[in-house]
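Working notes, beginning with the structure itself.
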Amino acid sequence: MKYQNLTEFLPYFAEGQSGGKWQGGKQADRQVIMPYVAYNEKIGGFFKEFSHSELADHDYGEKMDARGWWKESAMESAIAEMSAKDVGTCITAIWRRDRFSEGTILRFIKNGILAKLLARLKELDEGK
């Protein structure tokens with residue numbers, strides 16, 4: 001199976017899983033430690049694996065704009081019809097968005113969209 005190295009992480013994205021936790025946001029020695037999400041090892045491993053895959057999409061912004069997938073509900077409603085490349089576009093967008101909006105990955109784990117994207121990728125990989 002072509003994407004098994006990615007879809008094997010599906011259980012770690014199951015809806016309701018924590019995936020990580022917020023840390024920081026405290027003051028120590030007159031310095032404020034900005035809040036950040038410490039993702040667990042499995043989530044970090046997934047994104048490392050994803051970054052080396054053919055699905056990482058450098059042109060994700062234009063595609064997300066064109067399809068209206070920046071709106072979470074639009075992305076979620078389109079998952080059943082997505083190609084593997086489309087799934088890659090969405091995962092890339094979530095991953096990159098987290099760089100500028102800390103906690104995005106955590107939100108997409110909690111709302112179940114990342115799990116649905118990986119489940120779709122698994123369906124495509126199994127030829128369903």
Side-chain angles (χ1 to χ4, degrees):
M1 294 191 343
K2 190 173 184 177
Y3 303 114
Q4 185 174 2
N5 59 330
L6 297 173
T7 59
E8 69 186 11
F9 288 92
L10 182 55
Y12 303 104
F13 287 93
E15 190 171 352
Q17 291 272 13
S18 70
K21 61 181 178 178
W22 281 97
Q23 295 184 345
K26 301 174 185 169
Q27 190 165 350
D29 299 325
R30 294 189 285 168
Q31 294 180 349
V32 175
I33 300 168
M34 295 300 292
Y36 64 95
V37 177
Y39 292 104
N40 69 36
E41 189 176 307
K42 290 293 186 180
I43 302 305
F46 169 78
F47 282 100
K48 183 176 181 180
E49 189 71 32
F50 180 78
S51 71
H52 298 294
S53 78
E54 67 184 40
L55 295 178
D57 184 354
H58 299 287
D59 298 320
Y60 69 93
E62 290 178 18
K63 294 173 188 170
M64 294 292 289
D65 285 339
R67 294 174 174 111
W69 290 345
W70 288 116
K71 187 173 179 182
E72 291 174 29
S73 60
M75 179 193 298
E76 187 173 18
S77 66
I79 291 173
E81 303 300 319
M82 286 183 181
S83 68
K85 291 286 186 188
D86 292 338
V87 169
T89 296
C90 291
I91 293 173
T92 302
I94 293 166
W95 179 35
R96 295 303 300 149
R97 191 183 220 179
D98 190 75
R99 174 75 169 93
F100 300 101
S101 180
E102 188 81 33
T104 298
I105 293 170
L106 195 60
R107 187 174 76 247
F108 277 82
I109 291 170
K110 286 183 177 182
N111 69 18
I113 293 176
L114 263 167
K116 290 175 184 176
L117 288 166
L118 281 176
R120 175 63 180 156
L121 190 60
K122 187 173 183 173
E123 285 176 2
L124 292 166
D125 213 16
E126 294 172 346
K128 293 181 181 177

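Basis for what follows: all heavy atoms, side chains included, without hydrogens, waters or symmetry-related copies.
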> With a 4.5 Å limit on heavy-atom distance, are the side chains of L55 and I91 in contact?
Replying inline: no
> Who pairs with D59 by side chain to side chain donor-acceptor pair (under 3.5 Å), at least two apart in sequence or on another chain?
Replying inline: none
> Do the side-chain N and O atoms of E54 and Y3 include a donor-acceptor pair separated by under 3.5 angstrom?
Replying inline: yes
> When R120 is tested against each of V87, D125, D86, T7 for side-chain contact (heavy atoms from CB on, under 4.5 Å), which residue passes?
Replying inline: V87
>> For a quick test of reading the model, state the closest non-hydrogen atom pair linking L121 to A84 and the distance between them.
In response: CD1-CB, 3.8 Å
> Which atom names give the shortest non-hydrogen contact between L6 and L118, and what distance separates them?
Replying inline: O-CD2, 4.0 Å
> To the nearest 0.5 Å, what is the distance between CZ (F108) and CG (L114)?
Replying inline: 7.5 Å
> For D98, which residues count as a salt bridge (Lys or Arg N to Asp or Glu O under 4.0 Å) partner, sequence neighbours excluded?
Replying inline: none
Can you give each donor-acceptor pair under 3.5 Å made by side-chain atoms of residues 45-52, sequence neighbours left out, with the distance rounded to 0.1 Å?
| unit_1 | atom_1 | unit_2 | atom_2 | d |
| --- | --- | --- | --- | --- |
| E49 | OE2 | N5 | ND2 | 2.6 |
| S51 | OG | K48 | O | 2.7 |

>> Distance check, rounded to the nearest 0.5 Å: I94 atom CD1 versus L106 atom CG?
In response: 12.0 Å
> Do the side chains of L124 and M82 get nearer than 4.5 Å, heavy atoms only?
Replying inline: no
>> Going by side chain to side chain donor-acceptor pair (under 3.5 Å), name the residues that satisfy it together with D57, two or more places apart in sequence or in a different chain.
In response: K63, T89
> Mind checking what makes salt bridge (Lys or Arg N to Asp or Glu O under 4.0 Å) contact with K42, not counting sequence neighbours?
Replying inline: none
>> Using every non-hydrogen atom in the two residues, find where C90 and W69 come nearest and quote the distance to one decimal.
In response: SG-CE3, 3.4 Å
> By side chain to side chain donor-acceptor pair (under 3.5 Å), which residues pair with E8, not counting sequence neighbours?
Replying inline: none
> What residues, two or more places apart in sequence or in another chain, satisfy side chain to side chain contact (heavy atoms under 4.5 Å, CB included) together with A119?
Replying inline: L10
> With Y60, which residues qualify under side chain to side chain donor-acceptor pair (under 3.5 Å), at least two apart?
Replying inline: none
> Quick one: are F9 and I43 in side-chain contact, heavy atoms under 4.5 Å?
Replying inline: no
Which side-chain N or O atoms in residues 71-81 pair as donor and acceptor under 3.5 Å with protein atoms at least two apart or in another chain?
| unit_1 | atom_1 | unit_2 | atom_2 | d |
| --- | --- | --- | --- | --- |
| E72 | OE1 | N111 | ND2 | 3.1 |
| E72 | OE2 | R107 | NE | 2.9 |
| E72 | OE2 | R107 | NH2 | 2.8 |
| E76 | OE2 | K116 | NZ | 2.3 |
| S77 | OG | S73 | O | 3.2 |
| S77 | OG | A74 | O | 3.1 |

